[in-house]
Amino acid sequence: MQKAIFREVKSYILITFFLALYSVSIVGFIINSGIVGGGLSGLGTIVFYASGNTIPVGYTMFVVNIILLMIALKVLGRNFGIKTIYAMLLVSVFMTIAQKYITEPFLEDVTLSTILGGGIVGFCFGSLLNQGGSTGGTDLLAKIVNKYRSISPGRVILYIDVGIISSAFFLFHFVLDKTVLEAFRLVVYGFITVAVVSYMVDRVILGDQQSVQMFVFSKNHKEIAHKVGVTMRAGVTLLHGKGWYTKEETEILLIVIRKNRVQNVLQIIKEVDPQAFTSIGAVSGVYGKGFAEVKN
């Protein structure tokens, strides 16, 4: 019980930290550089600039998140975690505070702001997801749409991001009086930001879960399985097969192991049976004992 409580407390502390870093990065690198990114923060940025810098992004995020939360409760039921609600509310507070005290961009170079800011934001968002949290917004909207339409949540989020960033062109050109070229350039920066964020989220989420699935065909399969099990403390499953051409019965070892430990397994196989046939395939999202834990 104490360990479970400690894990939960630690998780909420990490969520709070990543939300704070997420908010500071978006404001300092993205918003203050005049870039409109994707998601709810991008929508809030459009409202912020369209209102003459009078409506903070956090206000928009809070109002929209509350509306989406009420709709989600009615449509989806209570099938999303308390951590998500906690993160949705806290990010609005952090965004408002960050905009109040951070009034200048961290970097003068917009390209560097886009890449560095997108990288940090993606790292924070991926870390939030690993802790079972989320900033809500387009994630909730995607789940609501997916309830009634056979459209993947990822595609819904992509459509929303494209719509938000594209609409920023009209804001920059007609409201903020920027030239067509300047407006187009800022829109491109917005798409680059989303791409960098998406890439970093994948790296963070899959980084802890990158595993490989190995199939080992060897007459010395018992010795290989024993050494891998004892030395590597890895799970080994024995499968029964039959050669299609030879019609001979054969035993196959199935090993699922972290990617950074593959070389050790290959070394064991080489020592026991240099003639063994080994097939290795990359897998992700391996859950269970010894691997990733399914988050709420």
Side-chain angles (χ1 to χ4, degrees), residues 19 22-23 25-69 71-72 87-88 91-92 94-96 98-99 105 110-111 113-115 117-122 124-126 128-129 134-146 149 151-178 180 182-202:
L19 283 174
Y22 170 91
S23 303
S25 300
I26 283 187
V27 173
F29 288 109
I30 309 301
I31 297 176
N32 289 353
S33 295
I35 303 170
V36 174
L40 197 51
S41 62
L43 178 62
T45 304
I46 290 178
V47 174
F48 174 69
Y49 284 125
S51 65
N53 301 359
T54 59
I55 301 178
V57 175
Y59 287 16
T60 302
M61 294 182 70
F62 177 79
V63 172
V64 176
N65 265 332
I66 290 297
I67 295 173
L68 290 176
L69 183 59
I71 296 174
M88 287 168 57
V91 72
S92 302
F94 283 158
M95 287 291 292
T96 303
Q99 272 201 291
V110 181
T111 303
S113 294
T114 300
I115 297 174
I120 297 175
V121 169
C124 292
F125 193 73
L128 282 173
L129 295 178
S134 170
T135 56
T138 52
D139 295 342
L140 279 181
L141 187 57
K143 292 179 180 178
I144 294 171
V145 172
N146 186 248
R149 301 287 182 181
I151 306 176
S152 67
R155 181 170 295 185
V156 174
I157 293 173
L158 175 63
Y159 290 159
I160 295 172
D161 286 345
V162 170
I164 291 174
I165 297 173
S166 299
S167 64
F169 174 84
F170 301 98
L171 169 71
F172 292 136
H173 182 55
F174 295 105
V175 179
L176 302 181
D177 295 326
K178 294 186 179 294
V180 172
E182 288 175 332
F184 176 76
R185 188 175 296 146
L186 289 172
V187 168
V188 171
Y189 281 131
F191 282 117
I192 293 175
T193 301
V194 170
V196 174
V197 170
S198 178
Y199 175 82
M200 281 301 299
V201 169
D202 287 344

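Within the 4.5 Å cutoff, side-chain heavy atoms of Tyr49 are placed close to those of Leu176. You'll find the side chain of Phe29 stays beyond 4.5 Å of the side chain of Val121, heavy atoms only. You'll find the side chain of Ile31 stays beyond 4.5 Å of the side chain of Ile35, heavy atoms only. The closest side-chain heavy-atom distance from Leu69 to Met88 is below 4.5 Å. Contact of the Val162 side chain with the Phe191 side chain is registered, since non-hydrogen atoms from C-beta on lie closer than 4.5 Å. Contact of the Tyr22 side chain with the Val91 side chain is registered, since non-hydrogen atoms from C-beta on lie closer than 4.5 Å.
Test Ile55, Asn53, Val36 against Phe48 for side-chain contact (heavy atoms from CB on, under 4.5 Å) and you get one pass: Asn53. Exactly one of Ile66, Thr60, Ile67 qualifies for a side-chain contact (heavy atoms from CB on, under 4.5 Å) with Val64. That residue is Thr60.
Atom CG of Leu40 sits about 10.0 Å away from atom CG of Leu141, to the nearest 0.5 Å. To the nearest 0.5 Å, the span separating CD1 on Ile192 from CD1 on Ile165 amounts to 10.5 Å. Here the straight-line distance linking atom CD1 of Ile46 with atom OG of Ser41 works out to 10.0 Å at 0.5 Å rounding. The distance from the CD1 atom of Ile120 to the CD1 atom of Ile115 is 12.0 Å, given to the nearest 0.5 Å.
With sequence neighbours excluded, the residues that form a side-chain hydrogen bond (donor to acceptor under 3.5 Å, both in side chains) with Thr111 are Tyr189.
For the pair His173 (side chain) and Ala183 (backbone), a donor-acceptor distance under 3.5 Å is absent. Counting only distance, with no hydrogens or angles, the side chain of Gln99 and the backbone of Val57 share a donor-acceptor pair below 3.5 Å. Of the possible polar contacts, none joining the Ser166 side chain to the Gly163 backbone as a donor-acceptor pair under 3.5 Å is found. Thr114 places a side-chain N or O within donor-acceptor distance of the main-chain N or O of Val110, the cut-off being under 3.5 Å.
No more than 12 heavy atoms of other residues, nucleotides or ligands lie within 6.0 Å of OH in Tyr59, so this atom counts as exposed by the packing criterion.
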Next item on the list: Might you work through the side-chain contact (heavy atoms from CB on, under 4.5 Å) test for Thr138 and Val156, ending with a clear yes or no?
Entry: CA-CA 8 Å; Thr138 52; Val156 174; over 6 Å; no

